[in-house]
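I have placed the structure first, in the form of C-alpha cells, so that the comments after it can refer back to it.
Note that the coordinates shown come from a computational prediction; the quantities given were computed from them, not determined experimentally. We count ligands from 1, going down the list as the structure has it; atoms in each ligand are counted the same way.
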Amino acid sequence: MTQVDLLARYDQRVPRYTSYPTAPHFSPAVDAATYAGWLAAVPEQAAVSLYLHVPFCEQLCLFCGCHTTVARHNAPRESYAALLEAEIGLVAAALGRRQRVAQIHWGGGTPTALPADSLRAVFAALRAHFDLAPDAEIAVEIDPRNLPEDRVQALADMGVTRASLGVQDFDPAVQHAVQRLQSFAMTRDAAASLRRIGVRSLNLDLLYGLPHQTAASVAATMRQALELAPDRVAVFGYAHVPWMKPHQRLLSEADLPDGPARFAQRQAAEAVLVEAGFRRIGLDHYARAGDALAEAEAAGRVRRNFQGYTVDDAELLIGLGASAIGALAQGYVQNAARIPVYAEALRAGALPVARGVALSAEDRLRRSVIEALMCELAADLPALARAHGAEPSGLLAAAPRLAGLAEDGLIRWDGARVELTETGRPFVRNVAAVFDTYLAVGPEAGVRRHARSI
Ligand SMILES: C[S@@+](CC[C@H](N)C(=O)[O-])C[C@H]1O[C@@H](n2cnc3c(N)ncnc32)[C@H](O)[C@@H]1O
Ligand code: SF4
C-alpha cells in the first residue's frame, strides 16, 4: 500500500490515549464523595505523583489546545495559588496522612505565570502536607518568552530537576501566523538559566502541521533546537480542534498543511533527531542516549500518562488545580475546568471534582494493552490477559481487524502478539484504537472529538 493510500485510510480522528477510558467518557458519576473514598483507600506505603495545573498565560498562542486563559494582572494568579494551597490541604486531609511523593509535575498553561512568591507558597504547602522524597523529581513546563529572574530563583529554591520549554517553530513566518513570537536567543537564554540552577533533564516541545510549515522548515527548526543540547524532544502534530478551542478559528484553514504534508513534516523532524542519535520513544517523544527516558525505553519501562511519555512508574497520580486529572487505583478523576467553578467548590470546603470514571476489570485489561502499544509498540495479548487473570478471548475478538492492519503492513500479527512495523509506527494510535471498546459507542460516536491521527 502506498503512503498516500495509508494516509487516506488511517489519518482518522483517534484519541491520544493518555488515559483509557479516554476523557470524553468521564462522567459526573464520579464526584467529590467518590474521590474522597478513593483517597482514603490509598495504601500508606504508596508513593504518589502530583500534577499541578496552572491555567494562565501572558498571551494566547492561536494553536493552543491546552486548558489556559490570559490573565493580565497578578490578583487572579495570586488568588488561584491560594486555591491550590486550599486544595492541597483538602486532599491531604482525605488521605489522612503525609503521603510520600516521588514526582511533582507543574503543567499548564504556564506555571511560571504565577508570581514567584505564589510558586513558593504553593510549594511550601506541598512540603507541609506531603512527605517529599529527597530525590523527588520536580518537573516544570516553561514558556521561554516569560521567564524573569525571580521565577528562575523560585524554581531553584524548589529544587526543580526537569524542565520542558515550549519552542514550536523558529521560523518567523510561522511564529507570526500563530501569534507566538519567540526568538532563538530567548529560548537559548531560558535553557541556560535552567541549566544554571541544576536542571538535569531539559525537554523541548516542537510542533508540525502549523501554517506555512514545510518538511524543510521543520527540519531546520529541529536542527536549531538541537543546538540547545536538549535531553528530550517532543514532536507534536498540531491538533486542530476549533469546535473545542474557538480561538483556533483565527488560523486560516487554507494555510494548514494537508495530511501528506503533515506526515512529511513529522518524518523530517524524526530524521534529524535519529541522525543526531536520539532514541525514539513511542509516538512522539525522543530522548538522547543516557537520558532516563531513553534508558527506560531500552528496558521496556516507559509509561504513559496525561503528561505524555514518562519514566514515572508511580501507580497513583493526584491532580491539583482547575481541569487537572488524577489517576488512582479505582479510576480517573477530573477537577472542574472553569476557574470560578473550581474556586466555588474550594471556598465551600469541598474537593473540586467535576467528573471521572471508575475502572472495570475489562477497562484495566484493555488499558494495559493500549499502554503497551503506545509505549513499547507491541503487546502480547494472551500474556497481558493472564496478568489480569482474564481469558484472552475478549481481546482476540479484535483478530479480524488486526489481520486487516497486518495486511496493510502496519503491524506484525501472529495470532497472539501485535507488533508495530516501521511503516505502522506513526499510526500506533489507530492500532491502539482497535482495543478501545468505547470508541464506536457513546459520546465519541459520529462526533468530531479528536484531532487527526497524523
Ligand atoms: C503547556 S504548553 C508548554 C509550556 C508553555 N505554555 C509554552 O507554550 O511554552 C504544552 C505544549 O503543548 C503543545 N500544544 C499546545 N497546543 C497544541 C495543539 N493544539 N496541538 C498539539 N500540541 C499542542 C505545545 O507544543 C506546547 O509546548
Ligand atoms: S502553547 Fe503554552 S504559552 Fe501558548 S497559549 Fe498554550 S499554554 Fe499558553
Side-chain angles (χ1 to χ4, degrees), residues 13-16 18 51-72 77 105-114 139-147 151 155 160 162-170 174-175 177-183 186-187 189-191 194 202-211 213 218 221-222 225 228 230 232-251 253 256-257 262 265-266 269 283-286 306-309 321-325 337 429 448-454:
R13 301 192 179 281
V14 276
R16 294 171 43 76
T18 52
Y51 171 75
L52 290 106
H53 191 79
V54 178
F56 299 115
C57 293
E58 303 295 332
Q59 306 112 323
L60 194 62
C61 310
L62 294 186
F63 58 78
C64 185
C66 307
H67 274 294
T68 193
T69 44
V70 173
R72 302 214 184 278
R77 307 178 196 208
H105 186 113
W106 292 83
T110 303
T112 46
L114 289 186
V140 59
E141 294 173 16
I142 289 168
D143 176 351
R145 297 169 301 165
N146 299 297
L147 187 60
R151 306 306 204 281
L155 298 179
V160 166
R162 207 155 58 70
S164 178
L165 294 178
V167 170
Q168 328 311 349
D169 193 295
F170 284 125
V174 177
Q175 294 191 355
V178 301
Q179 289 182 18
R180 180 181 174 120
L181 302 184
Q182 175 178 335
S183 67
M186 271 175 194
T187 315
D189 292 351
L194 293 165
L202 185 69
N203 176 80
L204 303 178
D205 286 342
L206 275 78
L207 285 177
Y208 66 84
L210 295 175
Q213 283 183 313
V218 168
T221 282
M222 186 57 75
L228 302 173
R232 302 179 188 177
V233 177
V235 182
F236 299 124
Y238 164 50
H240 187 59
V241 287
W243 54 93
M244 289 198 285
K245 298 286 170 186
H247 58 261
Q248 292 184 343
R249 295 214 174 90
L250 296 171
L251 291 176
E253 292 200 358
L256 293 176
R262 285 171 62 99
Q265 292 168 17
R266 180 195 184 279
L283 174 66
D284 50 17
H285 281 46
Y286 302 82
F306 299 101
Q307 286 83 59
Y309 289 100
S323 82
I325 300 180
R429 298 159 60 185
R448 291 190 305 170
R449 278 272 179 184
H450 303 285
R452 58 203 303 173
S453 158
I454 294 299

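- Q213 places a side-chain N or O within 3.5 Å of a backbone atom of L207 that can act as its donor or acceptor partner.
- Every atom of ligand 1 with a heavy atom of C64 under 4.0 Å away is listed here by number and element: 16 (N).
- Contact atoms of ligand 1 toward G109: 1 (C), 4 (C), 5 (C), 6 (N) (distance under 4.0 Å to a heavy atom of the residue).
- The protein heavy atom nearest to atom 6 (Fe) of ligand 2 is C64 SG, 2.3 Å.
- Under a 4.0 Å N-O distance rule, the pair R429/D284 does not qualify as a salt bridge.
- Ligand-side atoms of ligand 2 in range of R145: 3 (S), range being under 4.0 angstrom from any heavy atom.
- For ligand 2, the atoms sitting less than 4.0 Å from at least one non-hydrogen atom of D143 are 3 (S), numbered in the order shown with element in parentheses.
- Taking any N or O of F63, backbone or side chain, at least one lies under 3.5 Å from an N or O belonging to ligand 1.
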* Checking salt bridge (charged side-chain N to carboxylate O under 4.0 Å, His left out) for the pair D143/R151: CA distance, chi angles, key distance, verdict? -> CA-CA 12 Å; D143 176 351; R151 306 306 204 281; over 6 Å; no

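- For ligand 1, the atoms sitting less than 4.0 Å from at least one non-hydrogen atom of G237 are 20 (N), 21 (C), numbered in the order shown with element in parentheses.
- Atom 5 (S) of ligand 2 has as its closest protein heavy atom C61 N, 3.4 Å.
- Taking all heavy atoms of C66, G108, C61 into account, the minimum distance to atom 15 (C) of ligand 1 is reached by C66.
- Taking distance alone, with nitrogen or oxygen atoms compared against 3.5 Å, E141 stays at or beyond that limit from ligand 1.
- Between C57 and ligand 1, a contact under 3.5 Å exists for no N or O pair.
- Taking 4.5 Å as the limit, some side-chain heavy atom of H53 sits within range of a side-chain heavy atom of H67.
- Looking at Q168 next to ligand 1, an N or O pair under 3.5 Å apart turns up.
- Remark: ligand 1 atoms within the under-4.0 Å shell around heavy atoms of Y238 are 18 (C), 19 (N), 20 (N), 21 (C).
- Atom 20 (N) of ligand 1 has its closest protein heavy atom at A239 N, 2.8 Å.
- Considering only heavy atoms from C-beta on, T18 stays 4.5 Å or farther from I325 through its side chain.
- No donor-acceptor pair closer than 3.5 Å links the side chain of R232 to the backbone N or O of H285.
- In summary, no N, O or S atom of C66 is located under 2.8 Å from atom 6 (Fe) of ligand 2.
- Only the side chain of L207 comes within contact range of ligand 1, with a heavy atom under 4.0 Å; no backbone atom does.
- Judged by the shortest distance from any of its heavy atoms, E58 lies outside the 4.0 Å radius around the atoms of ligand 2.
- No donor-acceptor pair under 3.5 Å is formed between the side chain of E58 and the backbone N or O of T110.
- Residue N203 holds its CG atom at 8.0 Å from CG of L165, rounded to the nearest 0.5 Å.
- Using a 4.5 Å heavy-atom cutoff, the side chains of C64 and H247 are in contact.
- Considering only non-hydrogen protein atoms, atom 8 (Fe) of ligand 2 sits nearest to C57 SG, 2.3 Å.
- Here the shortest heavy-atom pairing between A337 and A322 reads O-CB, 3.7 Å.
- Of the protein's non-hydrogen atoms, F236 CD1, 4.0 Å is the one closest to atom 13 (C) of ligand 1.
- A side-chain donor-acceptor contact under 3.5 Å links Y309 to the backbone of L283.
- Two residues are said to be in side-chain contact when any heavy atoms from C-beta on lie closer than 4.5 Å; M222 and V235 meet this criterion.
- At a heavy-atom distance under 4.0 Å, no atom of K245 approaches ligand 1.
- At a heavy-atom cutoff of 4.0 Å, ligand 2 is contacted by no atom of H67, backbone or side chain.
- For ligand 1, the atoms lying closer than 4.0 Å to a non-hydrogen atom of Q248 are 19 (N).
- Scanning all protein heavy atoms for the shortest distance to atom 11 (C) of ligand 1 gives D205 OD2, 3.3 Å.
- Within the 4.5 Å cutoff, no side-chain heavy atoms of Y238 are placed close to those of Q265.
- Counting protein heavy atoms only, atom 9 (O) of ligand 1 is closest to R180 NH2, 2.8 Å.
- For ligand 1, the polar-atom distance check against G65 finds a nitrogen or oxygen pair separated by under 3.5 Å.
- Not a single heavy atom of L165 sits less than 4.0 Å from an atom of ligand 1.
- Ligand 1 places these atoms under 4.0 Å from at least one heavy atom of T110: 5 (C), 6 (N).
- Side-chain contact of T187 with Q182: a donor-acceptor pair under 3.5 Å is present, judged by distance alone.
- R180 counts as a contact of ligand 2, since one of its heavy atoms falls under 4.0 Å from the ligand.
- Residue G109 places a heavy atom less than 4.0 Å from ligand 2.
- Scanning all heavy atoms of the two residues, the minimum distance from C57 to G109 falls at SG-CA, 3.8 Å.
- Using modelled atom types, no side-chain atom of Q248 and backbone atom of H240 make a donor-acceptor pair closer than 3.5 Å.
- For T69 (side chain) and P55 (main-chain N/O), a donor-acceptor pair under 3.5 Å exists by modelled atom type.
- Near F63, with a cut-off below 4.0 Å to any heavy atom, the atoms of ligand 2 are 1 (S).
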